[in-house]
Amino acid sequence: MAEKPWVRMVTAQTPTNIAVIKYWGKRDETLILPVNDSISVTLDPAHLCTTTTVAVSPSFDQDRMWLNGKEISLSGGRYQNCLREIRAQACDVEDEEKGIKIAKKDWEKLHVHVASYNNFPTAAGLASSAAGFACLVFALAKLMNAKEDNSELSAIARQGSGSACRSLFGGFVKWIMGKAEDGSDSLAVQLVDEKHWDELVIIIAVVSSRQKETSSTTGMRDSVETSLLLQHRAKEVVPKRVKQMEEAIKNRDFGSFAQLTCADSNQFHAVCLDTCPPIFYMNDTSHRIISCVEKWNRSEETPQVAYTFDAGPNAVLIAHNRKAATQLLQKLLFYFPPSSDADLNSYVIGDKSILKDAG
Ligand code: DP6
């Protein structure tokens, strides 16, 4: 190690992702292993992303992290698991320009500081751990010169938050549930990159900015314990649906894509209702958006828009192309004018995009 105190820093930026075939339910809570495969689309970093700077210095006496400027505790198992796993992959670092030399064995003793920012209001209820953990793991891997590829890193990000593993890639991404007990084969792979289907436009309608009452982690635990529909979904429905979705994406078949996306979102929320006690993530405005899109899609020769809802009432709307997106915005503004009593206050619009390494 260099004698004088030094600081080595790396910055990375990672967008969030939205599942079109949902992950809901774990078979292993500690390793975060899912009960089914899932497929997502990665968003444009200009709209919903996390930027994380990680630093290492011999003068740091403990690992510390700040989220949106406020210090948070790293004592939780998920952070500790990610830090331990990534430290195990650290390699020698030599930065001649700055006179920094870190040997592989030094990483056990060195501490890191992490500063992470979301470019979207945390209060908007869109704050996703997906971008956060993916960015943390990616930035630490660069800092520590880890040689793992993005799929291998995804298996580490997965241990921070399941959906995070899919944010290591742009375009459409599949999280393969895997079979191994140690979780080594439960990782993300890119199905197609962001250029493959670049006419899609994603619009997020912020229905409510309130924090959800039931976290995804708690909700899916309750579903695994109590919902028979979840068992049917994981064994019978999702395996077939994942294959069909892969075909639809490969062939840019928007009709099938929209049908599968909407059906999967609806089944996920049906599982939530089938959970004891039942979980209500959508509200009346969410239901009205579904009715509006369904009616429109049925009046056209092929569907124009797909909708999907995560563990909250906000709608993620995927339009076939710019023309459909323009029409969709017109309809949203007409039926849910921002000044009306409807609890719909803003739209976040973006194309799909790719992970950017700002390091
Ligand atoms: C509804 O990844 O947030 O968004 O693994 O417990 O951190 P943990 O859960 P999380 O769950 C996301 C659930 C979902 C569906 C999805 O993204 O696939």
Side-chain angles (χ1 to χ4, degrees), residues 14-43 48 50 76-82 118 122 125-137 154-169 172-178 183 186-188 191 202 204 211-225 227 230 233-234 237-238 241-242 245 260-275 279-282 286 307-316 318:
T14 307
T16 195
N17 70 78
I18 302 291
V20 290
I21 301 290
K22 305 290 185 198
Y23 145 56
W24 195 252
K26 299 180 183 70
R27 61 182 201 277
D28 185 314
E29 290 255 348
T30 314
L31 290 171
I32 310 197
L33 301 177
V35 293
N36 57 258
D37 292 347
S38 55
I39 295 181
S40 62
V41 56
T42 300
L43 299 186
L48 296 172
T50 299
R78 291 175 173 213
Y79 281 111
Q80 288 304 317
N81 290 348
C82 287
N118 294 325
T122 310
L126 293 163
S128 170
S129 46
F133 275 105
C135 203
L136 175 71
V137 168
S154 80
I156 301 179
R158 187 201 77 226
Q159 298 177 53
S161 183
S163 53
C165 73
R166 299 184 310 237
S167 270
L168 263 302
F169 296 96
F172 281 94
V173 183
K174 177 176 169 184
W175 174 9
I176 301 168
M177 64 181 282
S186 184
L187 37 78
L191 293 177
I202 299 179
I204 299 181
Q211 288 280 60
K212 56 193 173 199
E213 277 168 32
T214 312
S215 74
S216 303
T217 308
T218 312
M220 67 176 85
R221 183 182 303 139
D222 289 350
S223 295
V224 167
E225 280 169 12
S227 170
L230 177 76
R233 165 179 164 75
V237 182
V238 176
R241 217 172 248 172
V242 160
M245 182 60 95
L260 293 163
T261 299
C262 300
D264 202 71
S265 171
N266 290 334
Q267 188 177 65
F268 153 51
H269 289 277
V271 165
C272 292
L273 279 183
D274 190 48
T275 298
I279 314 164
F280 310 100
Y281 284 128
M282 292 194 283
S286 322
Y307 57 81
T308 186
F309 294 78
D310 276 344
N314 300 320
V316 177
I318 307 174

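As the structure lists them, so they are numbered: ligands from 1, and atoms in each ligand from 1. This is a predicted model, so every value here is computed, not measured.
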Under 4.0 Å to a heavy atom of Phe268 - the qualifying atoms of ligand 1, by number = 1 (C)
Which atoms of ligand 1 sit under 4.0 Å from any heavy atom of Ile32?
->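 Those qualifying, in numeric order: 5 (O).
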Region of [X] that comes within reach of ligand 1 [heavy atoms, distance under 4.0 Å]:
| X | answer |
| --- | --- |
| Arg78 | side chain |
| Ser161 | both |
| Ser38 | neither |

What protein heavy atom is closest to atom 17 (O) of ligand 1, reported as residue, atom name and distance in Å?
-> Arg166 NH2, 2.8 Å
Got the closest protein heavy atom to atom 2 (O) of ligand 1, with its distance?
->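 Closest protein heavy atom to atom 2 (O) of ligand 1: Ser163 OG, 2.6 Å.
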Output the distance between atom OG1 (Thr16) and atom CG (Leu43), rounded to the nearest 0.5 Å.
->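 Thr16 OG1 to Leu43 CG: 6.0 Å, rounded to 0.5 Å.
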In Å, rounded to the nearest 0.5 Å, how long is the span from CZ of Arg221 to OG1 of Thr214?
-> 12.0 Å
Got [X] and [Y] here, is their nearest side-chain heavy-atom distance under 4.5 Å?
| X | Y | value |
| --- | --- | --- |
| Leu260 | Val20 | no |
| Met245 | Phe172 | no |
| Leu31 | Gln159 | yes |

When you measure from atom 8 (P) of ligand 1 to each heavy atom in Tyr281, Tyr23, Trp175, which option holds the nearest one?
-> Tyr23
From atom 11 (O) of ligand 1, work out which of His269, Met220, Arg221 has a heavy atom at the shortest distance.
->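 The residue whose heavy atom sits nearest atom 11 (O) of ligand 1 is Met220.
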Is [X] close to ligand 1, meaning an N/O of one under 3.5 Å from an N/O of the other?
| X | answer |
| --- | --- |
| Asn17 | no |
| Lys22 | no |
| Ala19 | no |
| Trp24 | no |

Give a yes/no verdict on whether any heavy atom in Lys26 is under 4.0 Å from an atom of ligand 1.
-> yes
Donor-acceptor contact below 3.5 Å, side chain Asp274 vs main chain Ala270 | no
Without swapping roles, check the side chain of Asn17 against the backbone of Ser163 for a donor-acceptor pair under 3.5 Å.
-> yes
Side-chain ion pair, Asp37 and Arg241, N-O less than 4.0 Å | no
Given the options Ser223, Pro34, Ser38, Trp24 meets side-chain contact (heavy atoms from CB on, under 4.5 Å) only with Ser223
